[in-house]
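In what follows, a single structure is set out as structure tokens and then discussed.
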Amino acid sequence: QVQLQESGPGLVKPSQTLSLTCTVSGGSITTNYIYWSWIRQPPGKGLEWVGSIVYDGSTDYGPSLKSRTSISCDTSKNQFTLQLRSVTPEDTAVYYCARRDSRLGSWTSWGQGTQVTVSS
């Protein structure tokens, strides 16, 4: 079974860059039909798709975050990383990495989530 694990700092200062890494085990991030994704949930709000990266390195980001978001992968470590720049307290959320199977049209694996708080 594919497992995902988020890691990174839980506190980030405003205006700085939030950086999180998702480590994938039990599957390769080069699988050609998988979208490796970041999703977040601010307190009291619903899930928000942040962005995804696919096997060929192509990325796509949520409209409201596109200008500040970068997702990259390290195939040697079977990891992918989120960078969210110029953060504000509104970026405080639980951040999840997740695996979407495009063949099935469903989310097949989720990390446990990690709390990130933006505060000075």
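Values in this document were obtained by computation on a predicted structure and should not be read as measured data.
Going from atom CH2 of Trp107 over to atom CZ of Arg100 covers 5.5 Å, rounded to the nearest 0.5 Å. Note that CD of Gln41 and CD of Gln115 are 10.5 Å apart. Values are rounded to the nearest 0.5 Å. With rounding to the nearest 0.5 Å, the separation of OG1 in Thr92 from NZ in Lys45 is 10.0 Å. Atom CD of Gln5 is separated from atom OG1 of Thr114 by 8.0 Å, given to the nearest 0.5 angstrom. Distance check, rounded to the nearest 0.5 Å: OG of Ser37 to CG of Leu82 gives 11.0 Å. Distance check, rounded to the nearest 0.5 Å: OG of Ser72 to CD of Gln83 gives 6.0 Å.
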Show, in sequence, the C-alpha distance, side-chain angles and deciding distance for Ser28 and Thr30, and conclude whether the side chain to side chain donor-acceptor pair (under 3.5 Å) test is met. CA-CA 5 Å; Ser28 174; Thr30 63; 2.7 Å; yes
For a side chain to side chain contact (heavy atoms under 4.5 Å, CB included) check, start with the C-alpha distance between Tyr33 and Val54, then their side-chain angles and the critical distance, and finish with the verdict. CA-CA 8 Å; Tyr33 51 83; Val54 298; over 6 Å; no
Side chain to side chain contact (heavy atoms under 4.5 Å, CB included) between Ile71 and Thr81, intermediate numbers included: CA-CA 6 Å; Ile71 298 174; Thr81 298; over 6 Å; no
Full working for side chain to side chain donor-acceptor pair (under 3.5 Å) between Thr23 and Gln79: CA-CA 5 Å; Thr23 300; Gln79 296 176 331; 3.0 Å; yes
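In this structure the side chain of Val87 never reaches within 4.5 angstrom of the side chain of Pro14, judged on heavy atoms. Contact of the Glu48 side chain with the Ser64 side chain is registered, since non-hydrogen atoms from C-beta on lie closer than 4.5 Å. Taking 4.5 Å as the limit, every side-chain heavy atom of Lys13 sits out of range of all side-chain heavy atoms of Ser120. Looking only at side-chain heavy atoms (C-beta outward), Leu65 and Arg40 come within less than 4.5 Å of each other. Put simply, the side chain of Val50 reaches to within 4.5 Å of the side chain of Thr69, judged on heavy atoms.
Listed by first and then second residue, the disulfide (SG to SG under 2.5 Å) pairs that reach into residues 88-120 are Cys22-Cys97, sequence neighbours excluded.
At distances below 3.5 Å, at least one donor-acceptor pair connects side-chain atoms of Asn78 with backbone N or O atoms of Ile29.
No side-chain donor-acceptor contact under 3.5 Å links Arg85 and Ser15.
In the hydrophobic clustering of ILVMFWY residues, with side-chain heavy atoms under 4.5 Å counting as a link, Leu84 and Tyr61 come out together. No path of Ile, Leu, Val, Met, Phe, Trp and Tyr side chains, each step under 4.5 Å between heavy atoms, connects Ile39 with Val12, placing them in separate hydrophobic clusters.
Results of the side chain to side chain contact (heavy atoms under 4.5 Å, CB included) test with Trp38 over Tyr96, Phe80, Trp49 single out Phe80 as the only residue that passes. No option in Thr88, Asp91, Thr17 other than Asp91 meets the side chain to side chain donor-acceptor pair (under 3.5 Å) test with Arg68.
In this structure, Tyr55 and Thr31 approach most closely via the heavy-atom pair CB-O, 3.4 Å. Scanning both residues, Ser19 and Pro9, for their nearest heavy atoms gives O-CD, 3.5 Å. Contact record, Gly46 with Pro42: O-CD, 3.6 Å, taken as the closest heavy-atom pair.
Around atom OH of Tyr35, no more than 12 heavy atoms belonging to other residues, nucleotides or ligands sit under 6.0 Å away.
Ion pair Asp60/Lys66 not flagged as a salt bridge, since none of the NZ, NE, NH1 or NH2 atoms sits closer than 4.0 Å to an Asp/Glu carboxylate oxygen.
By the side chain to side chain contact (heavy atoms under 4.5 Å, CB included) test, Val2 pairs with Leu4, Val24, Trp36, Arg99, Ser109, sequence neighbours left out.
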